Protein chains: 2
Amino acid sequence: MIEVMPKKVDHQERRTLIADALMRVAADQGLEAVSLRHVAAEAGVSAGMVQHYFRTKDEMMAFALAVVRERGQLRVTEAMERLGPDPSPRLLLRTMIAALLPLDDRTRDDGRVALAYFAYTAVRPAVASSLRADTAQLTEFIASALPARNANAAAAAAGLLALMEGLGIYLLGGQYTAEQALAALDAHLDLLFGVDSA
Amino acid sequence: MIEVMPKKVDHQERRTLIADALMRVAADQGLEAVSLRHVAAEAGVSAGMVQHYFRTKDEMMAFALAVVRERGQLRVTEAMERLGPDPSPRLLLRTMIAALLPLDDRTRDDGRVALAYFAYTAVRPAVASSLRADTAQLTEFIASALPARNANAAAAAAGLLALMEGLGIYLLGGQYTAEQALAALDAHLDLLFGVDSA
DNA sequence: TGGGATGCAATGCAATTGCATTGCATAGAG
DNA sequence: CTCTATGCAATGCAATTGCATTGCATCCCA
């Protein structure tokens, strides 16, 4: 080690523990209910400790957002690995998108937090850049998996990703059921992959 | 008049004035910055007056949400009237959706507020019912305008609406430009209306 | 055995919050 | 004119906020 390490506690682990508590608070009381004391109470630690690991509230928020994004990516890679080798592009895309949708209670919480952060970053442009990078990466991947029949692959990919985001919103708001969302997704994939529906 | 009317101020007008101020605050500082005093200052009135017209903050928030929804509907009907008689279903849908997207600075503010409210209602289910009604009405209308070639009109309509919502999110977040969003919309309409793209 | 860095709790503080209360000016009804 | 309902401002208040500060206790390294 180059730096000294006078204590043994795992810094990153503590921060994640606190971020998890933050997300639990945000998921069922909204991001505006997130305060140092609330998060500390939810995490079962003292408020002082939260301050120790995050110098400002914004730093804590940014870290929690990073955790949410990582978890999303993890869900995607896990789902794709579960597919086995050489899946069809269509199944690949369906699996990836389904993994990102808040379809069950576990993922609903993450979705709520992500939604809250969308509103949050709309006002704090500095935090938004990482979200932008995620989106760009996803569209690129989607475009590469789309069949050649789509003339404008970039637009089609952007559309599919937007569809995913919108389905997520409506799932969280209770406008769509999981079945409805998946049906809409499949119908859209039918169009993209050229399944004639008549 | 059945009721007495001892004073002449227009109750509804004042409430709208205050709600407008609320939306200005929310649009550029986020919903969590909305407080009685902030809104009052933005509206150029005393905090006491805000309290006079809205007994609680939640009542004020709900009213402002209703105003946003009304403005959206107004934009849609105006855009559709501008189309003239008997537009093609495709143009009808494109116009309607474009009217709902935050494509310029004016509509961006409304979009930001709407987004903030999505996160807000995700935690306050009581306020969400009106949003649900809006969505149902829109999907029904969209489904009726889609060509018969789409086997599952309900799913296709739900998908188109979700696409719209997602485009809105990404427009607000700066992930998509207006051109990209419209290109994605048009590509999707191409698919729905069967324009072969090869 | 120091000694210095670190982990963490406790407390304080100014600012802000939503809301209740009070006071008063005014305008229409009688 | 009087009276009462209303419009609205001002103030107070307890609760909560983010953050700075302080004080120990603990552990690593020399």
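In this text the structure is predicted, and so the values were computed from the model without any measurement. Naming convention: chains lettered A, B, ... in sequence-line order (proteins, then strands); numbering from 1 in each chain.
Residue A:Arg15 contributes atom CZ, which lies 12 Å from atom P of C:dG7 at whole-angstrom precision. Between A:Met49 atom CE and D:dG18 atom C1' the separation is 18 Å, expressed in whole Å. As rounded to whole Å, 13 Å separates atom C1' of C:dA9 from atom CD1 of A:Ile18. The nearest whole Å value for the distance from the CZ atom in A:Phe54 to the P atom in D:dA20 is 16 Å. Between the CG atom of B:Leu31 and the P atom of C:dG18 there is a distance of 12 Å, rounded to whole Å. The distance between atom CZ of B:Arg14 and atom C1' of D:dC8, rounded to the nearest whole Å, is 9 Å. The interatomic distance linking A:Leu22 (CG) with D:dG18 (P) rounds to 10 Å, in whole Å. B:Asp10 has its CG atom 15 Å from the C1' atom of D:dT6, to the nearest Å.
Checking D:dG18, C:dG7, D:dC8 against the side-chain heavy atoms of B:Tyr53 singles out D:dC8 as nearest. Relative to the side chain of A:Lys57, the nucleotides D:dC19, C:dG7, C:dG18 differ in distance, and D:dC19 lies closest. Comparing C:dC8, D:dC8, C:dG18 against the side chain of B:Ser35 picks out C:dG18 as the nearest. If you check D:dG18, C:dT17, D:dC8 against the side chain of B:His38, the one that comes closest is C:dT17. Side chain of A:Ser46, nearest nucleotide from D:dA9, C:dC8, C:dA20: C:dC8. Distance from the side chain of B:Arg37 is smallest for D:dG12 among the nucleotides D:dG12, C:dG7, D:dC19. Among the nucleotides C:dT17, C:dC19, C:dG7, the one closest to any side-chain atom of B:Thr56 is C:dC19.
Annotation: of the two residues near DNA chain D, A:Gln51 and A:Ala33, the 5′-most nearest-nucleotide partner is A:Ala33.
Looking at heavy-atom distances under 4.0 Å, B:Val50 makes no contact with the nucleic acid at all. Among the atoms of the strands shown, none is found under 4.0 Å from any heavy atom of B:Val39.
Taking the charged nitrogens against the carboxylate oxygens, B:Arg71 and B:Asp20 do have a contact shorter than 4.0 Å, which makes a salt bridge. Looking at A:Asp110 and A:Arg69, no side-chain N of the basic residue comes within less than 4.0 Å of a carboxylate O on the acidic one, giving no salt bridge. Taking the charged nitrogens against the carboxylate oxygens, B:Glu32 and A:Arg124 do have a contact shorter than 4.0 Å, which makes a salt bridge. For the pair A:Asp109 and A:Arg24, the salt-bridge criterion is not met [side-chain N within less than 4.0 Å of a carboxylate O]. Here A:Glu42 does not pair with A:Arg37 in a salt bridge; the nearest charged N to carboxylate O distance is not below 4.0 Å.
Under 4.0 angstrom from either OP1 or OP2 of D:dC8 there lies no side-chain N or O belonging to B:His52. Between A:Arg55 and D:dA20 there is no side-chain N or O to OP1 or OP2 distance below 4.0 Å.
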